[in-house]
Amino acid sequence: GPHTLSATVQATSGAWITTQVDFEVLSPSPPQPAVAAPDLLLNSFSAMSSTSLGFSVALLADLDGDQRAELLVGEPHGDGAAPNSGRARIFSGGTGLELRVHGGLATGDLFGADVTATGDVDGDGIDDYAVSACKAAGSVPGGGTVTVFSGAAGLVIHTLMGDEAS
């Protein structure tokens with residue numbers, strides 16, 4: 001049945017924003033016992049409100065072999081390689097455990113501002129994913145980047161660089 005992931009974050013303006021994503025697990029799974037509440041929240045993910053956890057969310061194919069889809073969650077104000085550079089985190093759809101973390105390189109990159117499943121980009125039979133850093137230094141300062149990661153190992157497949165500052 002349908003599931004809901006929600007995160008409440010505080011915007012830089014001070015306003016509180018709730019992001020909610022309804023999803024269904026598309027991977028085949030063994031029969032589960034009936035649940036009384038149809039909108040049961042499987043897992044809850046939290047972070048400091050200033051990190052913007054849940055600013056972007058994407059459903060990924062099963063990466064950990066538990067026959068359940070994973071969640072790719074953007075956190076553009078989290079701490080990656082530098083403070084406030086942003087992160088993208090992958091959580092197991094079955095257990096809620098964090099499987100991977102990718103981080104921005106420089107303060108203000110906004111890595112994780114947008115995340116998406118891409119399908120199998122590298123041809124290894126496992127779906128991949130992409131993460132944007134809309135303020136990262138691309139071909140020009142602040143031009144932005146989109147990094148495509150291997151679903152199999154989490155390694156970088158491609159980094160696309162913006163040629164115009166936003």
Side-chain angles (χ1 to χ4, degrees), residues 5-13 17-27 43 45-66 68-93 96-166:
L5 169 69
S6 64
T8 302
V9 296
Q10 190 171 21
T12 54
S13 67
I17 301 168
T18 299
T19 303
Q20 182 171 324
V21 175
D22 296 320
F23 65 95
E24 283 193 62
V25 176
L26 301 177
S27 301
N43 297 298
F45 312 105
S46 62
M48 294 174 37
S49 63
S50 62
T51 67
S52 301
L53 178 73
F55 189 86
S56 56
V57 177
L59 192 62
L60 300 179
D62 177 26
L63 299 178
D64 62 0
D66 66 0
R68 298 194 184 267
E70 319 305 0
L71 293 170
L72 173 59
V73 181
E75 188 177 11
H77 296 286
D79 292 342
N84 201 33
S85 57
R87 297 189 296 187
R89 301 162 68 184
I90 298 177
F91 294 96
S92 169
L97 295 175
E98 185 176 87
L99 301 176
R100 291 184 191 154
V101 179
H102 300 287
L105 299 177
T107 298
D109 278 356
L110 297 181
F111 186 86
D114 199 14
V115 297
T116 189
T118 62
D120 185 11
V121 173
D122 58 6
D124 66 359
I126 299 171
D127 287 347
D128 305 310
Y129 52 95
V131 180
S132 75
C134 59
K135 294 292 185 181
S139 298
V140 298
T145 62
V146 175
T147 305
V148 181
F149 293 95
S150 165
L155 302 175
V156 174
I157 298 171
H158 301 291
T159 299
L160 309 170
M161 301 206 178
D163 58 7
E164 223 175 273
S166 54

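Hydrogens, waters and symmetry mates play no part in the numbers below; they use all other heavy atoms, side chains included. Residue numbers start at 1 and run along the sequence shown.
Closest heavy-atom contact between Ala130 and Leu72: O-CD2, 4.2 Å. Nearest heavy atom pair, residue Gly112 against residue Pro76, reads O-CD, 3.9 Å.
Side-chain atoms of Glu70 come within 3.5 Å of backbone N or O of Gly93 as a donor-acceptor pair. When atom types are taken as modelled, the side chain of Asp128 and the backbone of Asp120 share no donor-acceptor pair closer than 3.5 angstrom. With Ser85 contributing its side chain and Phe111 its backbone, the two residues share no donor-acceptor pair below 3.5 Å.
Atom NE2 of residue His77 and atom CG of residue Leu110 lie 5.5 Å apart, to the nearest 0.5 angstrom. Here CG of Asp124 is found 7.0 Å from CD1 of Ile157. Values are rounded to the nearest 0.5 Å. Going from atom CZ of Arg68 over to atom CG of Leu60 covers 16.0 Å, rounded to the nearest 0.5 Å. Note that CG of Asp66 and CG of Leu99 are 8.0 Å apart. Values are rounded to the nearest 0.5 Å.
Listed by first then second residue, pairs satisfying side chain to side chain donor-acceptor pair (under 3.5 Å) with a partner in residues 99-119 read Arg100-Tyr129, His102-Tyr129, not counting sequence neighbours.
Taking the side chain as every heavy atom from C-beta outward, Leu59 and Leu71 approach each other to under 4.5 Å. Residues Ile126 and Leu63 meet the side-chain proximity criterion, which asks for heavy atoms closer than 4.5 Å. No side-chain heavy atom of Leu160 sits under 4.5 Å from any side-chain heavy atom of Thr145. For the pair Val156 and Phe149, the minimum side-chain heavy-atom distance is below 4.5 Å. Inter-residue side-chain proximity for Glu98 and Ile90 is flagged as unmet; no heavy-atom pair is nearer than 4.5 Å.
Asp64 is linked by a side chain to side chain donor-acceptor pair (under 3.5 Å) to Ser92, counting only residues two or more places apart in sequence or in another chain.
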